[in-house]
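Data first, discussion second: the structure below is written as structure tokens.
Atoms considered below: every heavy atom in the structure, side chains included; atoms not considered: hydrogens, waters and symmetry mates. Throughout, residue positions are numbered sequentially from 1 according to the sequence presented.
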Amino acid sequence: MKEKPNLDYIKQLAGDDSAFEKKFINILKEEFPQEKAEYLGNIKNNLPREAALNVHKLKHKFNVLGLTKSYRFAVDYEESLRMADTSLQWEFLEILDIIENYVKNI
């Protein structure tokens, strides 16, 4: 499932407006680490339903970064968390780590 994040959607959305593109990227850089940390805290504290809310917010960033397979995985994982099933957490964490590394370097 190892997709590579990209900025294609953001570039398409921004068109020739480089200021908008930079602002969008800066929002990603600011929000993503916070949302990931909140998710990890809820998993660590055995709060799967709260973690489902975090996954719901995070999954939209997957689409923005061109990660369509990861988005579909997150939809399934969110539903699992709502039923208190955390069995997919390691695969989700792998996706988050890929995104985190990418966002740090854009």
Consider only side-chain heavy atoms of I, L, V, M, F, W and Y, link residues closer than 4.5 Å, and tell whether [X] and [Y] are in one cluster.
X: Val64; Y: Phe73; answer: yes
X: Leu47; Y: Leu40; answer: no
X: Ile27; Y: Phe62; answer: no
X: Ile106; Y: Leu96; answer: yes

Restricting to non-hydrogen atoms, name the atom on [X] and the atom on [Y] that form the minimum distance, rounded to 0.1 Å.
X: Pro5; Y: Leu67; value: N-CD2, 3.6 Å
X: Val55; Y: Ala74; value: CG1-O, 3.5 Å
X: Tyr71; Y: Lys59; value: CD1-O, 3.1 Å
X: Tyr39; Y: Gln89; value: OH-CB, 3.8 Å
X: Glu3; Y: Gly66; value: OE2-O, 4.1 Å
X: Leu28; Y: Pro33; value: O-CD, 4.0 Å

- Query: Does a side-chain heavy-atom distance below 4.5 Å link Lys23 with Asn26?
  - Reply: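 No, side chains not in contact.
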- Item | Student check: side-chain heavy atoms of Tyr102 and Leu7 closer than 4.5 Å |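 Side chain of Tyr102 against side chain of Leu7, heavy atoms only: contact under 4.5 Å found.
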Distance (rounded to the nearest 0.5 Å) between [X] [atom1] and [Y] [atom2]:
X: Ile95; Y: Trp90; atom1: CD1; atom2: CH2; value: 14.0 Å
X: Met83; Y: Arg49; atom1: CE; atom2: CZ; value: 10.0 Å
X: Arg72; Y: Asn63; atom1: CZ; atom2: CG; value: 9.0 Å
X: Asp8; Y: Leu13; atom1: CG; atom2: CG; value: 12.5 Å
X: Asp17; Y: Lys22; atom1: CG; atom2: NZ; value: 10.5 Å
X: Asn46; Y: Thr86; atom1: CG; atom2: OG1; value: 7.0 Å

- Item | Set of side-chain hydrogen bond (donor to acceptor under 3.5 Å, both in side chains) partners for Lys11, sequence neighbours left out |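 For Lys11 the side-chain hydrogen bond (donor to acceptor under 3.5 Å, both in side chains) partners, ignoring immediate neighbours, are Glu21.
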- Message: For Glu35, is there an ion pair with Lys61 - N to carboxylate O distance below 4.0 angstrom?
- Response: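 Here Lys61 pairs with Glu35 in a salt bridge, since their nearest N and O are under 4.0 Å apart.
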- Pair Phe92-Leu58, side chain to side chain contact (heavy atoms under 4.5 Å, CB included): steps then yes or no: CA-CA 11 Å; Phe92 190 72; Leu58 284 161; 4.2 Å; yes
- Over 12 non-hydrogen atoms of neighbours within 6.0 angstrom of CG in Asp16: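 It does not: Asp16 CG has 12 such atoms or fewer within range.
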- Would you find more than 12 non-hydrogen atoms of other residues, nucleotides or ligands less than 6.0 Å from Tyr9 atom OH?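 Counting neighbours around OH of Tyr9, 12 or fewer heavy atoms of other residues, nucleotides or ligands fall under 6.0 Å, so no.
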- Task: Could you please spell out the steps behind the side chain to side chain contact (heavy atoms under 4.5 Å, CB included) verdict for Lys36 and Asp97?
- Result: CA-CA 9 Å; Lys36 179 183 175 186; Asp97 289 345; 2.7 Å; yes
- Task: Could you give me the CA-CA distance, side-chain angles and deciding distance for Tyr77 and Asp85, then say whether side chain to side chain contact (heavy atoms under 4.5 Å, CB included) is met?
- Result: CA-CA 8 Å; Tyr77 181 46; Asp85 176 3; over 6 Å; no
- Task: Please test Asn54 against Leu81 for side chain to side chain contact (heavy atoms under 4.5 Å, CB included), starting from the C-alpha separation and ending with a verdict.
- Result: CA-CA 10 Å; Asn54 303 126; Leu81 286 170; over 6 Å; no
